[in-house]
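Following: one structure in structure tokens, then a few remarks.
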Amino acid sequence: MANAAKRRLENVPGDFFVDESCIDCDACRWIAPHTFTQAGDQSAVHQQPQSPQQRMAALQALVSCPTASIGATDKATQAQTSRAVATLPRAIDGNVFHCGFHAESSFGAASWLIVRPGGNVLVDSPRFAMPLVKRIEAMGGLHTLFLTHRDDIADHDKWAAHFGCKRVMHADDARGLKIDQTLQGRDQLQLADDLLVIGTPGHTRGSACLLHAKRHLFTGDHLAWSARRGQLIGFRDACWYSWPEQIESMKALQSLSFEWVLPGHGRLHHASAADMATSLARCVEWMEK
Ligand code: SF4
């Protein structure tokens, strides 16, 4: 639980607050932007929720915070937390859900759930929290756990053991892990008619993306929307393997059509396929500067 005695001075007065343990993962700021903002190198409440919808989003951020750095002083708000828990995973687009319950061991990266007749897919690992486990059981369990890269694997062993799902990952990030299916380099691996894994080395040597239904591209830390720049980006300051390789991998994505970018870190982005292609071309241009 967040510690009210360590409430950041940057919070506005009122019920919700962020304490000094925030690791600046950004999750609360895109889950509940009406409530949370960046203040220095941590988050803070810039406005208390103004509506039931904003309150629910703030509670979803509270539940999802990887370090339990968000608190609420009002007893009535605290009592509503279980209602927020029950809303996760939350629908993003059709059968794609944001899991919430971000894990500190993945530095608060987002994870995603695809609910599909051929078997559900979990993209990267949230906390192995029992309320989330129960919800995913009720949504049909897990057939596949796709790991975009080594940094966002969190509790993958627990998820795989509980659901008996197969794990898929790029071979160059899979060393030492129990992975059932791998790919190499910039190879493409067709997991099913609607699931294509694409090797995108750069951020790490074994980064990979997953394209679902030619609509949703799950990108890990390879590609994300930057709210500050207003464009798609790669994380140059957090590129752990090779920036030139990441540029080449970004160019390889230009042969694909998609409408959503769903990253581990950074912001998700939705646009028409044509506008997404334009944004991706601009991103490549920006990376090559
Ligand atoms: S989700 Fe938690 S750790 Fe992440 S920025 Fe918000 S308060 Fe900080």
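Positions are given from 1, in the same order as the sequence printed here. Whatever order the structure lists ligands and atoms in, that order sets their numbers, starting from 1.
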Problem set entry | Donor-acceptor under 3.5 Å (His102 side chain, Cys25 main chain) | no

For this session: Please confirm whether the backbone N or O of Ala274 pairs with a side-chain atom of Thr278, one donor and one acceptor, at under 3.5 Å?
Result: yes

For this session: Decide, yes or no, whether a salt bridge links Arg282 with Glu285 under the criterion of side-chain N to carboxylate O below 4.0 Å.
Result: no

Seminar exercise, completed: From the list His269, His216, Arg215, side chain to side chain donor-acceptor pair (under 3.5 Å) partner of Glu259 resolves to Arg215

Seminar exercise, completed: Quick note on ligand 1: atoms under 4.0 Å from a heavy atom of Asp26 include exactly 4 (Fe), 5 (S)

Exercise. Are Trp112 and His212 an aromatic pair by the rule of ring centers under 6.0 Å?
Worked result: no

Exercise. Any ion pair linking Arg150 and Asp221 (charged N to carboxylate O, less than 4.0 Å)?
Worked result: no

For this session: For atom 2 (Fe) of ligand 1, count the protein N, O or S atoms found under 2.8 Å away.
Result: 1

